[in-house]
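Take a look at the structure below.
Numbers here are sequence positions counted from 1.
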Amino acid sequence: MQSYTIGQAARLLGVSPDTARRWADAGRFATHRDEGGRRVVDGRDLAAFSVELAQSATGDDDVPRTSVRNAFAGIVTAVKLGDVAAQVEIQAGPHRLVSLLTREAVEELGLEVGMRATARVKSTNVHIDRV
């Protein structure tokens with residue numbers, strides 16, 4: 001299972017490390033200490049929290065609306081495998097991206113829930129890069 005430091009978690013959630021620490025201190029997501037004494041969060045817990053955070057977001061009218069078309073760094077929140085095709089969901093800050101790709105591609109990349117990944121958008125296609 002992949003774990004993330006508070007700083008890495010903050011980047012994936014689109015917030016400052018101080019905000020991520022406050023959320024962890026408030027019990028919004030669980031952390032533990034790794035062998036080096038760093039505070040870390042398990043990837044699956046972070047993936048679940050990122051989805052919860054995005055779903056609870058209010059449509060803040062002060063946030064500028066943009067048409068972001070390039071790279072969305074985030075965390076894999078779901079992987080659905082079929083016989084030939086697969087569906088991968090990534091939560092990148094407030095953005096939920098879904099990509100349909102081959103099962104073989106998902107297996108070669110080793111994609112699983114809780115893993116960092118980047119969704120690259122070109123036109124209407126979403127490509128997944130394992131980070």
Side-chain angles (χ1 to χ4, degrees):
M1 167 56 60
Q2 188 162 359
S3 293
Y4 299 94
T5 64
I6 290 291
Q8 291 170 326
R11 281 191 297 281
L12 291 169
L13 295 170
V15 298
S16 72
D18 286 337
T19 296
R21 273 192 275 293
R22 282 193 298 273
W23 286 347
D25 291 343
R28 293 191 66 187
F29 59 87
T31 62
H32 62 278
R33 300 280 177 182
D34 67 6
E35 307 80 38
R38 296 177 304 176
R39 196 169 174 190
V40 296
V41 58
D42 287 334
R44 287 188 185 274
D45 293 339
L46 186 60
F49 178 72
S50 71
V51 171
E52 175 188 321
L53 185 64
Q55 290 174 345
S56 68
T58 60
D60 188 352
D61 292 331
D62 292 335
V63 176
R65 305 288 182 214
T66 65
S67 176
V68 179
R69 297 178 20 154
N70 294 319
F72 292 82
I75 189 167
V76 176
T77 58
V79 176
K80 298 175 186 166
L81 296 175
D83 291 339
V84 176
Q87 177 179 315
V88 177
E89 295 182 23
I90 292 179
Q91 192 70 45
H95 308 288
R96 175 181 170 260
L97 296 111
V98 179
S99 180
L100 299 176
L101 54 163
T102 66
R103 178 186 182 113
E104 180 181 9
V106 171
E107 290 171 346
E108 284 181 10
L109 290 170
L111 295 174
E112 60 183 43
V113 172
M115 176 176 279
R116 284 190 305 164
T118 300
R120 297 194 186 277
V121 178
K122 171 116 171 77
S123 185
T124 58
N125 296 319
V126 177
H127 305 269
I128 305 295
D129 297 335
R130 180 174 172 178
V131 181

With sequence neighbours excluded, residues passing ring pair (Phe, Tyr, Trp, His ring centres under 6.0 Å) with Y4: none
Residue list, side-chain hydrogen bond (donor to acceptor under 3.5 Å, both in side chains) with D18, at least two apart or on another chain: R21
Pairing residues for S50 by the side-chain hydrogen bond (donor to acceptor under 3.5 Å, both in side chains) criterion, not counting sequence neighbours: none
Mutual orientation of the aromatic rings belonging to H95 and F72 [parallel < 30°, tilted 30-60°, perpendicular > 60°]: perpendicular
Partners passing side-chain contact (heavy atoms from CB on, under 4.5 Å) against T19 (at least two apart in sequence or in another chain): V15, S16, R22, W23
Partners passing side-chain hydrogen bond (donor to acceptor under 3.5 Å, both in side chains) against S3 (at least two apart in sequence or in another chain): D42
Heavy-atom closest contact (A73 atom, A92 atom, distance): O-CB, 3.3 Å
Listed partners of R38 passing side-chain hydrogen bond (donor to acceptor under 3.5 Å, both in side chains), at least two apart: D34
Between side-chain atoms of residues 107-114 and protein atoms elsewhere (two or more places apart, or another chain), which donor-acceptor pairs fall under 3.5 Å?
{"residue": "E107", "atom": "OE2", "partner": "R103", "partner atom": "NE", "Å": "2.7"}
{"residue": "E107", "atom": "OE2", "partner": "R103", "partner atom": "NH2", "Å": "3.4"}

For D83, all residues meeting salt bridge (charged side-chain N to carboxylate O under 4.0 Å, His left out), sequence neighbours excluded: none
Exercise: identify the closest heavy-atom pair between V41 and T31: CB-CG2, 4.4 Å
Set of salt bridge (charged side-chain N to carboxylate O under 4.0 Å, His left out) partners for R130, sequence neighbours left out: none
CG-NE2 distance between D45 and H32, expressed to the nearest 0.5 angstrom: 9.0 Å
V121-I128 co-clustered via ILVMFWY side chain contacts under 4.5 Å: yes
Residues which pass side-chain contact (heavy atoms from CB on, under 4.5 Å) with A86, listed by chain and number, not counting sequence neighbours: L81, V106
From I75, V76, I90, L12, residue fulfilling side-chain contact (heavy atoms from CB on, under 4.5 Å) relative to R116: L12
Check: L100 and Q87 side chains under 4.5 Å, non-hydrogen atoms: yes
Common cluster, L13/V40, ILVMFWY with side-chain heavy-atom separation under 4.5 Å: no
Set of side-chain contact (heavy atoms from CB on, under 4.5 Å) partners for R96, sequence neighbours left out: E89, Q91, V98
